Amino acid sequence: MEYGHLGRTGLLVSKLCLGTMNFGPQTTEEDSYAIMDRAHELGINFFDTANVYGWKKGEGITENIIGRWFAQGGGRRERTVIATKLYGSMGDWPNEEKLSALNIRRAAEASLRRMQTDYIDVYQAHHVDRDTPFDEFWEAMDILKQQGKILYVGSSNFAGWHIAKAQESARRRNTVGLVSEQSHYNLLVRAPELEVIPACEDYGLGLIPWSPLAGGLLGGILRKIDKGRSATDQIAAQLDKHRDKIERYEAFCDELGEDPANVGLAWLLHQRAVTAPIIGPRTVEQLDGTIRALEIELDDKALARLDEIFPGFRTAPEEYAW
């Protein structure tokens, strides 16, 4: 396994991040344990979750699964850099969602209980809260840091100017600020190249791409359909929209002799500011298959070919102005 620093921090994390969103809804608890154990065997030390995962309001199903896995001991917690998120609604009463100081305090305590740990390595805002000032956000996060309950703070789904606003607020308070941004980024979704990635580079945030395979569109979907597998209505609609690109992409992956899913992950690992794409295996076999992505070297010619199939963006404002 390869490791890199999370943004400008001294924290070393694996170049692939294990996403746990499937744990509970699609993957049984027993199989979730097997995936996490196998991740450690492969050297993956970076796990990502959220308090809303499990998708039953207030239950924190996925965090509970992780907590029971940690409780088995054997160094499971000590070997894991655990990142979780807050923002989504965890109840029907006021202040059980978003980023008020009150919800940050309550949500952190609840995540700690569910995951049976006394600290969270990376505590992430799952979305920007336009109704909460960043000064309030940082005061609540700084208190959690002082209490030893969180170590680092990250964001998710922030625009470039949100990152700048958050960092300048943190700078006024003489605190570290954000160390990572979890963003929707893949060959099909390249808008972060306009302003999010430049902001991450300038402020020293590690980029953690979510949905690196565009919900499966970049995972060899055409050959899977050829084998009789069905796609959801949403994915089928996206496939119809992007079929020409996907056909060209899979043909190019055939030329490389590589699985499309691994090429998509490898491409992200070649991009600026990226620390670790989030992989979301539903089985141990799927997890094992992703390791190949770390070994794929895409030369300038291959990267240019991928840019031809999936055109990206220059940094703003040069993308649309001089």
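Residue indices begin at 1 and follow the sequence shown. Being a predicted model, the structure only gives us computed values, none of them experimental.
Comment: Glu96 does not engage Arg106 in a salt bridge, judged by the lack of any side-chain N to carboxylate O separation of less than 4.0 angstrom. Using a 4.0 Å cut-off between a side-chain N of Lys or Arg and a carboxylate O of Asp or Glu, Arg190 and Asp307 qualify as a salt bridge. Using a cut-off of 4.0 Å between Lys/Arg side-chain N and Asp/Glu carboxylate O, Arg292 and Asp259 are scored as not salt-bridged.
Side-chain N/O atoms of Glu63 and Ser111 include a donor and acceptor closer than 3.5 Å. Checking Tyr53 against Lys85 by side-chain atom types alone, a donor-acceptor pair falls below 3.5 Å. Side chains of Gln167 and Asp202: no donor on one and acceptor on the other come within 3.5 Å.
Other residues, nucleotides and ligands contribute over 12 non-hydrogen atoms within 6.0 Å of the NZ atom of Lys245. The environment of Arg282 atom CZ is sparse: at most 12 non-hydrogen atoms of other residues, nucleotides or ligands sit within 6.0 angstrom. Taking a 6.0 Å sphere around CG of Asp233, one finds it holds 12 or fewer heavy atoms contributed by other residues, nucleotides or ligands. Within 6.0 Å of the CD atom in Glu318, the count of heavy atoms belonging to other residues, nucleotides or ligands exceeds 12. In the displayed structure, Asp299 atom CG is contacted under 6.0 Å by more than 12 heavy atoms of other residues, nucleotides or ligands. Around atom CD of Glu30, no more than 12 heavy atoms belonging to other residues, nucleotides or ligands sit under 6.0 Å away. When the shell of 6.0 Å around CZ of Arg68 is examined, it contains more than 12 heavy atoms from other residues, nucleotides or ligands.
To the nearest 0.5 Å, atom CE of residue Met1 and atom NE2 of residue His40 are 11.0 Å apart. From Thr62, atom OG1 reaches atom CD of Glu29 across 10.0 Å, with rounding to the nearest 0.5 Å.
For residues 243-285, the pairs satisfying ring-ring contact (aromatic ring centres under 6.0 Å, His included) are Tyr185-Trp267, Tyr249-Phe310, with sequence neighbours left out.
Side-chain contact between Leu269 and Pro277: present, with at least one pair of heavy atoms (C-beta onward) separated by less than 4.5 Å. Here the side chains of Arg223 and Pro260 are in contact, with some heavy-atom distance below 4.5 Å. The shortest distance between side-chain heavy atoms of Glu250 and Ile221 falls below 4.5 Å.
Asn103 places a side-chain N or O within donor-acceptor distance of the main-chain N or O of Lys98, the cut-off being under 3.5 Å. Remark: the backbone N or O of Thr315 is not paired with any side-chain donor or acceptor of Glu195 at under 3.5 angstrom.
Grouping the Ile, Leu, Val, Met, Phe, Trp and Tyr side chains by contacts below 4.5 angstrom, directly or via other members, places Leu218 with Val274.
Through side-chain heavy atoms spaced under 4.5 Å, either directly or across other Ile, Leu, Val, Met, Phe, Trp or Tyr residues, Leu11 is tied to Leu6, Val13, Phe46, Val81, Tyr119, Val122, Leu151, Tyr152, Val176, Val179, Ile208, Trp210, Ile278.
Test Lys57, Met90, Glu97 against Val52 for side-chain contact (heavy atoms from CB on, under 4.5 Å) and you get one pass: Met90.
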